[in-house]
*Asks:* 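Take this structure first; my questions come after.
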Amino acid sequence: MKVSRYNYHQQFGEEVDSLVGDLRRMLLEGRYILSEEVNAFEQSFADFLGVKHVRGTNTGTDAIAIALMALGIGRSDGVITQANTFNATVTAIRMAGATPVLVDADDGTWLMDVSQVAAAVTSRTKVLIPVHLYGKPTPMLTLLEIARQRGIHLVEDAAQAHGARIHGRVAGSFGVAGCFSFHPSKNLAAAGDAGAVATNEDFLANRVDMIRSLGQRTQNEHIVPGVNSKLDALQARILSWKLPHLHECNSRRRIVAGWYRERLLELPLSFQAEGPDEEHVYHLFQIRTDGRDALLSYLIKSGVDAVVRYPIPIHLQPAFADYGWKKGQFPVAERLAGELLCLPIRPDLSISDVDYVTDCIRSFFCNVRRRAATA
Ligand SMILES: *Cc1c(COP(=O)(O)O)cnc(C)c1O
């Protein structure tokens, strides 16, 4: 038996030929750049989120960098995020020319440790970027209060959290900007790279418009420094095709996560803490165990496509060595990097897939215990 992490065929449903017909027309008619298909997706994703504007970009990394540039963030400005995020959050801060400042992860939620943020704020801090990691929305009330009191912008990295909700609102709609990725691995997946900035602010949407198009207001009139990073029209058409199914796909993911939690309850492992007033969208289903590496190889041998996200925390990545972070500086992020394991999760995963994966995990722990008892 094999249990894989992705099933792209299923994401397109039975009617895929009609989508392919649309893409064929676009190819032949030359509708590639900021065409009506891009506008249509931006509008429907804005409606999905309940925000005023969405602007598509080439990647989720660019979405974050462009949001920061649009806020006027640059050299000598500090941007706070967490030590246990995906590389892209911090790379985007660097792309905007700002300095990343890290706080540790929370040991229970595996999100930003919100209680460390106030102490990390200095006079140079301009932006706070919580990451709604693995699809779990970050508790926002304390962060909103710090941002308000200290005059800091809140920009959300919602690249793993399309449609997640907390405090009755959708992730990505709390801050001045919410940034999304539509990388093929994400809950809403393009057939290549794609990203977007969501915002309720007219000025920010206008700035993002210009910055993503080399800073131009009208053709050949370049009024601000920019980059070239626009959502591709073919990707936009594909995203519009999938978007109507996103809610349903997210609820299926929650059901699968429930099966996992139920079946793994009595084993020596733990789960991402669940908050009261939230809807997790389970981009990833993570378990935590100190036997992680042995369990990973056991699962791989058994045909289960488990994977480690992310084995090296930000502060220990060679790419960021110039920031001078030290081993031991963010101990929770370091422990999580050594103990978290992603089990396959997809909207179409069946209960027998989940039974197989959880049976494998149970027999792994039985063997470990038996070996320990006879040793
Ligand atoms: C995927 C991801 C991004 C952006 O990724 P792209 O591949 O550039 O679209 C940013 N932050 C997080 C947490 C992500 O998972």
Side-chain angles (χ1 to χ4, degrees), residues 5-6 41 45 54-69 79-96 98 100 102-103 105-106 109-112 127-138 154-164 171-172 174-175 177-198 208 211-212 227-232 235-236 238-239 242 246 250 253 272 280-286 307-315 317 319-320 333 336-337 340 342 345:
R5 276 182 294 132
Y6 305 110
F41 172 69
F45 196 54
V54 164
R55 293 292 184 271
T57 56
N58 197 24
T59 66
T61 310
D62 285 359
I64 301 169
I66 291 173
L68 295 175
M69 292 168 74
V79 177
I80 297 177
T81 190
Q82 61 212 57
N84 68 326
T85 183
F86 177 53
N87 173 295
T89 320
V90 179
T91 290
I93 295 168
R94 172 181 271 171
M95 281 165 68
L102 301 179
V103 297
D106 180 280
T109 63
W110 311 344
L111 300 174
M112 173 180 277
V127 181
L128 184 53
I129 309 185
V131 185
H132 305 299
L133 213 53
Y134 318 137
K136 179 180 165 72
T138 308
L154 198 58
V155 170
E156 299 167 74
D157 183 340
Q160 302 191 357
H162 317 68
F174 289 90
C179 301
F180 291 85
S181 164
F182 310 110
H183 180 274
S185 63
K186 312 288 173 159
N187 288 31
L188 181 60
D193 279 313
V197 178
V208 170
I211 292 170
R212 72 176 173 178
V227 296
N228 188 5
S229 179
K230 305 177 289 274
L231 174 60
D232 180 88
Q235 301 300 347
I238 291 168
L239 291 167
K242 291 184 177 178
L246 180 55
N250 284 340
R253 284 174 184 269
Q272 204 173 14
H280 199 311
V281 293
Y282 288 102
H283 170 60
L284 301 178
F285 187 82
Q286 295 269 25
V307 70
V308 174
R309 294 274 184 276
Y310 302 94
I312 304 172
I314 294 295
H315 62 292
Q317 290 282 6
F320 300 130
L336 292 173
L340 292 189
C342 296
I345 190 161

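Counting starts at 1 for both ligands and their atoms, in listed order. These values consider heavy atoms only, across backbone and side chains, with no hydrogens, waters or symmetry-generated copies.
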*Asks:* For ligand 1, which atoms, with element, lie under 4.0 Å from some heavy atom of Q160?
*Replies:*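 Within the 4.0 Å cut-off of Q160, ligand 1 contributes 13 (C), 14 (C), 15 (O).
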*Asks:* Looking at ligand 1, would K186 count as a contact under a 4.0 Å heavy-atom criterion?
*Replies:*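 K186 counts as a contact of ligand 1 under the 4.0 Å cut-off.
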*Asks:* Using side chain to side chain donor-acceptor pair (under 3.5 Å) as the criterion, point out the one residue from N58, D193, D62 that pairs with S229.
*Replies:*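 Result for side chain to side chain donor-acceptor pair (under 3.5 Å) with S229: D62.
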*Asks:* Between Q82 (side chain only) and V103 (backbone N and O only), is there a donor and an acceptor less than 3.5 Å apart?
*Replies:*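 Checked: no pair found.
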*Asks:* Taking 4.0 angstrom as the limit and counting only heavy atoms of A88, give me the atoms of ligand 1 inside it, by number and element.
*Replies:*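 Answer, ordered by atom number: 3 (C), 4 (C), 10 (C).
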*Asks:* Pick one of side chain, backbone, both or neither for how V131 approaches ligand 1, counting any non-hydrogen atom pair under 4.0 Å.
*Replies:*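 The side chain, only.
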*Asks:* Can you list the atoms of ligand 1 that are under 4.0 Å from a heavy atom of A159?
*Replies:*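 Close to A159: 2 (C), 3 (C), 10 (C), 11 (N), 12 (C), 14 (C).
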*Asks:* Kindly indicate whether the side chain of F182, heavy atoms from C-beta on, has any atom under 4.5 Å from the side chain of I238.
*Replies:*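 No, too far: nothing below the 4.5 Å cut-off.
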*Asks:* Write out the residue and atom name of the closest protein heavy atom to atom 8 (O) of ligand 1, then the distance separating them to 0.1 Å.
*Replies:*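 Nearest protein contact, heavy atoms only, for atom 8 (O) of ligand 1 is T61 OG1, 2.4 Å.
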*Asks:* Look at the aromatic rings of H162 and F180 and report parallel, tilted or perpendicular, splitting at 30° and 60°.
*Replies:*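 Ring orientation of H162 relative to F180: tilted.
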*Asks:* Around atom 9 (O) of ligand 1, find the nearest protein heavy atom and jot down its residue, atom name and distance.
*Replies:*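 Closest protein heavy atom to atom 9 (O) of ligand 1: S181 OG, 2.6 Å.
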*Asks:* When H132 is tested against each of H280, Q160, E156 for side chain to side chain donor-acceptor pair (under 3.5 Å), which residue passes?
*Replies:*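 Exactly one option meets the side chain to side chain donor-acceptor pair (under 3.5 Å) with H132, and it is E156.
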*Asks:* Just so I know, are the side chains of I129 and I80 near enough to count as touching, which here means a heavy-atom distance under 4.5 Å?
*Replies:*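 No, too far: nothing below the 4.5 Å cut-off.
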*Asks:* Give me the residue, atom name and distance of the protein heavy atom closest to atom 11 (N) of ligand 1.
*Replies:*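 Going by distance alone, atom 11 (N) of ligand 1 is nearest to D157 OD2, 2.7 Å.
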